[in-house]
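First comes the structure, then the notes that go with it.
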There are 2 protein chains.
Amino acid sequence: MSAEFWLTQLHENGYRITGARRAVVETIEKSTRALTPVKVYDMSRKRYRALGLVTVYRTLEKLEELHLIQRVHQPMGCQAFISAGHGHQHLLLCKKCGQVAFFEGDDLESLTKSIAKKTGYQIQDHWLQLFGLCKNCLSNQQA
Amino acid sequence: MSAEFWLTQLHENGYRITGARRAVVETIEKSTRALTPVKVYDMSRKRYRALGLVTVYRTLEKLEELHLIQRVHQPMGCQAFISAGHGHQHLLLCKKCGQVAFFEGDDLESLTKSIAKKTGYQIQDHWLQLFGLCKNCLSNQQA
DNA sequence: CACTTATTGATAATGATTTTCATTACCGAA
DNA sequence: TTCGGTAATGAAAATCATTATCAATAAGTG
Ligand SMILES: [Mn+2]
Ligand SMILES: [Mn+2]
Ligand SMILES: [Zn+2]
Ligand SMILES: [Zn+2]
């Protein structure tokens, strides 16, 4: 899943490929942690100087609409984005450095069935997110 | 868990009990759906006219600090609050009317163990939230 | 009741996101 | 390859949400 694919997706959906979009796409696509609009702006400006913050917002909007990125919710705030997982995946976030990993294979079948029965709700979606410490932060830990 | 208990909690933690706080507490404590600060403000003003929005923010802050309320994250926004569950509970939200139900009994033991092994992360917390349609919205559904 | 001081609401300040608008440049058609 | 319609851009202003300031008020202890 390369930046080129994202650009192709934009193009195939009637959006033009511009220098600004290229810079934003390349920045987010290769990041392994969630980035706020301002962070995306700062990082992308190294690739495309004339970039405006407004364009970052507009590009994020389109990438989210095409399901190429997703918003990341955290206790400290929910304005960060990261590349969307493939298929049915959830996020695992490092509380210390922000490193993000994807995981899959959660099976909530029996749980949702039981909850549906108990509450009378028809359950349609779920959000699951794990928090902890990544391998790297674990080993760099002081005693 | 009555409004009086919340007020007692505030008092026991060195906070004064005021008309403004009484109004805010009573509003949130009896709500079965997540409320934004402005919504809390509008609803509470029916109980206490002189209430200021700033005081709503300040009161929410304290109630969250005492774990009496919790922030609710949703696709449409994350600035709403609802009474905190008791013990280890998660939320089930109606996508149509916003009705909130609590549930417990999720067992993520084996999942987190397996993910920890695969990723090398030490997993500490989890967020789980279910979305669907409540009993009421289900039955009021048009064909 | 009186006094100390936390709390209040109005207002201003800040921060984040969205809108407006004139200019630029992408890209399909010729 | 050039051309032209129009999507996209960035600067600036507007809007919306949240936080800080501050003088006036009122909770609650004694
Ligand atoms: Mn899942
Ligand atoms: Mn749980
Ligand atoms: Zn959130
Ligand atoms: Zn409902």
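Predicted, not measured: the structure shown is a model, and the values here were computed from it. Letters A, B, ... are given to chains in the order of the sequence lines, protein chains preceding strands, and every chain is numbered from 1.
Taking every side-chain heavy atom of A/His11 into account, C/dG28 is the closest of C/dG28, C/dT18, D/dA8.
As a whole-Å value, the separation of A/Leu10 CG from D/dA8 C1' is 12 Å. Separating the OH atom of A/Tyr57 from the C1' atom of D/dG10 is a distance of 15 Å, rounded to the nearest angstrom. Here C/dT18 presents its P atom at 10 Å from CG of A/Leu60, a figure rounded to the nearest Å. The CD-P distance, from B/Glu64 to D/dT18, rounds to 12 Å in whole Å. Computed from coordinates, the A/Leu63 CG to D/dA8 C1' distance equals 14 Å when rounded to whole Å. Rounded to an integer number of Å, the gap from A/Gln79 CD to D/dC16 C1' is 15 Å. Remark: P of D/dA8 and CD of A/Glu61 are 11 Å apart, rounded to the nearest angstrom. If you measure from atom CZ of A/Arg45 to atom P of D/dG10, you get 10 Å, rounded to the nearest angstrom.
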- Go along nucleotides 8-13 of chain C 5' to 3' and tag each nucleotide: B for a protein heavy atom under 4.0 Å from its base, S when only backbone or sugar atoms are that close, - otherwise. BB-B--
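Below 30°, between 30° and 60°, or above 60°: for A/Trp127 and A/His73 the angle between ring planes is between 30° and 60°, a tilted geometry.
Checking side-chain atoms of A/Arg21 against main-chain N and O of A/Arg16 turns up a donor-acceptor pair under 3.5 Å. Counting only distance, with no hydrogens or angles, the side chain of B/Arg22 and the backbone of B/Ile17 share no donor-acceptor pair below 3.5 Å. A donor-acceptor contact shorter than 3.5 Å is absent between the side chain of A/Thr55 and the backbone of A/Leu51. B/Ser31 places no side-chain N or O within donor-acceptor distance of the main-chain N or O of B/Thr27, the cut-off being under 3.5 Å.
A cation-pi arrangement is absent between B/Lys118 and A/Phe103 under the rule of less than 6.0 angstrom and at most 45 degrees off the ring axis.
Tracing side-chain contacts under 4.5 Å through hydrophobic residues (I, L, V, M, F, W, Y), one reaches B/Val24 starting from B/Phe81; they form part of the same cluster.
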- Task: Take A/His90 and A/His88 through the side-chain hydrogen bond (donor to acceptor under 3.5 Å, both in side chains) test and state the conclusion after the steps.
- Result: CA-CA 7 Å; A/His90 297 284; A/His88 187 102; 3.1 Å; yes
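Each of A/Ile123, A/Thr119, A/Leu128 was checked for a side chain to side chain contact (heavy atoms under 4.5 Å, CB included) with B/Leu130, and the lone residue meeting it is A/Ile123.
End-to-end axis angle for the helix from C/dC1-D/dG30 to C/dA30-D/dT1, using five pairs per end and rounding to 10°, comes out at 40°.
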